[in-house]
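Only heavy atoms go into these numbers, but all of them, side chains included; no hydrogens, no water, no symmetry mates.
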Amino acid sequence: MKYGYARVSTDDQDPALQLAALKKAGCRQPFTDHGVSGAAATRPALARCLKALQPGDTLIVWKLDRLGRSVRDLLNILHDLQGRKVQFRSLTEAIDTATPTGRAMLHMVALLAELERGLITERTRAGVQAARGRGVKFGRKPKLTPQQLRHARRLIDQGERAQSVADSLRVGRSTLYRALQRAA
């Protein structure tokens, strides 16, 4: 039996293109993960799909990166399939593990997919560093302004309870303490 697996990384993406290709390839029962990154450890539909596969079945994906993003993850899945005598096909890359050429091609494409992921990560880090260099601040905005912190410090120094000051500023006491400590 031919099983298909499709995955989209965000909930607003549509797997229709993948599902149409899988149906055209003869898959009767496609499994689909919505809003799940390829790097995610838990992919519920993929787990159900892998569990359903029996010797002689074929797992078909639209594109290799839909199955896994890292070479290790991908090769672990494919090695498991091979040990269970399950064939694998990737439609876009025309990889079919039923042939020696297909198996060799699979390893090369998987390596290139990991290289691409590494390059994306590298470019993202470089972009973040460049933004920081331009003064862009990342993370959550502080709950208290410098003016509020000065006022809070003054009230506490005058003997006001920290809990009362925090309540008046509509923050928790621990938030006030952390902000005062950072400002010191």
Side-chain angles (χ1 to χ4, degrees), residues 3-25 27 30-51 53 58-83 86-146 175 178-179 181-183:
Y3 289 89
Y5 174 70
R7 179 184 57 78
V8 289
S9 301
T10 62
D11 285 325
D12 60 332
Q13 290 178 328
D14 186 5
L17 175 68
Q18 294 178 53
L19 294 173
L22 293 172
K23 186 176 180 180
K24 187 176 178 183
C27 295
F31 292 84
T32 307
D33 275 319
H34 294 271
V36 178
S37 165
T42 57
R43 293 172 277 181
L46 178 60
R48 286 192 312 276
C49 178
L50 293 175
K51 190 174 182 179
L53 293 167
T58 302
L59 173 61
I60 303 174
V61 296
W62 176 66
K63 197 171 179 186
L64 197 56
D65 69 353
R66 301 295 86 196
L67 188 59
R69 285 273 176 97
S70 76
V71 172
R72 177 176 287 154
D73 180 42
L74 188 59
L75 293 180
N76 284 343
I77 292 170
L78 294 173
H79 182 69
D80 176 58
L81 293 177
Q82 184 180 16
V86 173
Q87 298 299 318
F88 172 77
R89 280 182 57 205
S90 173
L91 301 174
T92 304
E93 292 91 0
I95 295 172
D96 187 344
T97 60
T99 68
T101 305
R103 287 189 293 276
M105 203 48 202
L106 174 69
H107 289 281
M108 287 188 281
V109 172
L111 188 63
L112 291 175
E114 183 166 330
L115 173 65
E116 179 185 18
R117 185 174 171 85
L119 291 174
I120 289 170
T121 301
E122 205 173 274
R123 286 191 298 261
T124 301
R125 284 188 186 133
V128 167
Q129 282 181 335
R132 282 192 176 130
R134 292 189 310 270
V136 174
K137 298 221 189 262
F138 290 88
R140 196 175 195 177
K141 291 192 188 320
K143 288 194 175 227
L144 300 171
T145 66
T175 299
R178 277 192 306 271
Q181 191 174 27
R182 271 188 241 120

Exercise for the section: Decide side-chain contact (heavy atoms from CB on, under 4.5 Å) for Leu112 and Met108; before the verdict, give the C-alpha distance in whole Å, the side-chain angles of both, and the deciding distance to 0.1 Å. Expected result: CA-CA 6 Å; Leu112 291 175; Met108 287 188 281; 5.6 Å; no
Problem - side-chain contact (heavy atoms from CB on, under 4.5 Å) evaluation trace for Leu50 with Leu59 - result: CA-CA 8 Å; Leu50 293 175; Leu59 173 61; 4.2 Å; yes
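At least one side-chain heavy atom of Leu67 sits under 4.5 Å from a side-chain heavy atom of Leu78. Between Phe31 and Leu46, the closest side-chain pair of non-hydrogen atoms is not below 4.5 Å. Between Leu91 and Ile60, the closest side-chain pair of non-hydrogen atoms falls below 4.5 Å. The side-chain heavy atoms of Glu122 and Arg125, taken from C-beta on, include no pair separated by under 4.5 Å.
Residues Ala6 and Leu19 come closest through the heavy atom pair CB-CD2, 4.0 Å. Here the shortest heavy-atom pairing between Leu53 and Tyr3 reads CD2-CD1, 3.3 Å. Nearest heavy atom pair, residue Glu93 against residue Leu64, reads OE1-N, 3.1 Å.
Of the possible donor and acceptor atoms, one in the side chain of Arg7 sits under 3.5 Å from a partner among the backbone N and O of Arg66. Thr97 contributes a side-chain N or O that, together with a main-chain N or O of Phe88, makes up a donor-acceptor pair within less than 3.5 Å. A donor-acceptor pair under 3.5 Å is absent between the side-chain atoms of Asp96 and the main chain of Gly102, judged by distance alone. No side-chain donor-acceptor contact under 3.5 Å links Gln18 to the backbone of Pro15. Between the side chain of Gln87 and the backbone N or O of Ala98, at least one donor-acceptor pair lies under 3.5 Å.
Atom-to-atom distance recorded for Trp62:CH2 and Arg89:CZ is 15.0 Å, nearest 0.5 angstrom. Atom NZ in Lys63 sits 11.5 Å away from atom CD1 in Ile95 (nearest 0.5 Å). The line from CG of Asp33 to OH of Tyr5 is 3.5 Å long, rounded to the nearest 0.5 Å.
The number of heavy atoms from other shown groups lying within 6.0 Å of CD (Glu116) does not exceed 12.
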